[in-house]
Amino acid sequence: MGKLKDQLAGVAALVAAIVAIGGGFIKYGEITTKLDALQAASMEVDKVSIEMVTANEKDIGFLKQEIAELKSAEGVDISGLEEGLTNFKTKAMINSKEIELLKIQIEEIKVSTTNPLTN
């Protein structure tokens, strides 16, 4: 009877080992699948980024060519163009900071209206 129990215990240990090894292979397969998906996703992002940079370089080249043509054209004055762009950039930065300030003020108002002790 003791011999039978030992044999059953050995078989149970063998089955447990096989199940554990199988579980390890399943987990390895899941991890490999996730890594492949992440790698494919990162390659798509890189491809899109490269295409965007290429498109921007083409646009910049086109604009440089247009400016050169305007400079060479007779009777066209573009001297105020750079000053206008500088003013536009400054106004955009001011507007951005004002928007940030307004967002902060809105958050402060929200916090003060939710606090029952301030009323």
Side-chain angles (χ1 to χ4, degrees):
M1 186 77 152
K3 199 176 192 185
L4 182 62
K5 285 183 182 179
D6 289 339
Q7 287 179 349
L8 285 175
V11 169
L14 180 63
V15 169
I18 291 172
V19 168
I21 291 172
F25 280 120
I26 289 171
K27 195 64 173 172
Y28 173 76
E30 290 174 359
I31 291 171
T32 304
T33 303
K34 287 179 183 178
L35 286 174
D36 290 342
L38 288 172
Q39 184 179 15
S42 71
M43 288 184 155
E44 289 176 9
V45 170
D46 292 342
K47 183 178 178 184
V48 169
S49 299
I50 291 170
E51 289 173 356
M52 289 175 62
V53 168
T54 305
N56 286 339
E57 286 177 353
K58 289 179 183 177
D59 290 342
I60 290 170
F62 175 75
L63 290 174
K64 284 182 179 178
Q65 181 181 0
E66 288 292 318
I67 290 172
E69 288 176 7
L70 285 173
K71 283 182 180 178
S72 66
E74 291 182 26
V76 177
D77 182 26
I78 60 168
S79 59
L81 185 63
E82 290 181 12
E83 183 181 335
L85 288 175
T86 305
N87 288 339
F88 178 75
K89 183 178 178 183
T90 304
K91 288 179 182 179
M93 290 173 62
I94 291 170
N95 287 337
S96 174
K97 290 298 177 183
E98 286 178 351
I99 290 171
E100 284 181 37
L101 176 64
L102 290 172
K103 285 181 180 180
I104 291 171
Q105 289 174 344
I106 289 171
E107 287 300 317
E108 289 176 355
I109 291 170
K110 285 180 183 178
V111 169
S112 68
T113 57
T114 59
N115 187 353
L117 299 177
T118 58
N119 291 335

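Note that these values count all heavy atoms, side chains included, but never hydrogens, waters or copies made by symmetry. Just so it is clear, the model here is predicted, and its values are computed rather than measured. Index from 1, following the sequence.
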**Q** Linking I/L/V/M/F/W/Y whenever any side-chain heavy atoms sit under 4.5 Å apart, do M93 and L101 land together?
**A** no
**Q** With sequence neighbours excluded, tell me which residues meet salt bridge (Lys or Arg N to Asp or Glu O under 4.0 Å) with E108.
**A** none
**Q** Distance check, rounded to the nearest 0.5 Å: I99 atom CD1 versus I104 atom CD1?
**A** 12.5 Å
**Q** Residues in side-chain contact (heavy atoms from CB on, under 4.5 Å) with I31, at least two apart?
**A** K27, L35
**Q** Could you list the residues that satisfy side-chain contact (heavy atoms from CB on, under 4.5 Å) with E107, not counting sequence neighbours?
**A** K110
**Q** Under the salt bridge (Lys or Arg N to Asp or Glu O under 4.0 Å) test, which residues partner E98, sequence neighbours left out?
**A** none
**Q** Listed by chain and number, what are the salt bridge (Lys or Arg N to Asp or Glu O under 4.0 Å) partners of K5, not counting sequence neighbours?
**A** none
**Q** Listed by chain and number, what are the side-chain contact (heavy atoms from CB on, under 4.5 Å) partners of T33, not counting sequence neighbours?
**A** none
**Q** Using the side chain to side chain contact (heavy atoms under 4.5 Å, CB included) rule, pick out the option among V15, L14, I21 that qualifies with I18.
**A** L14
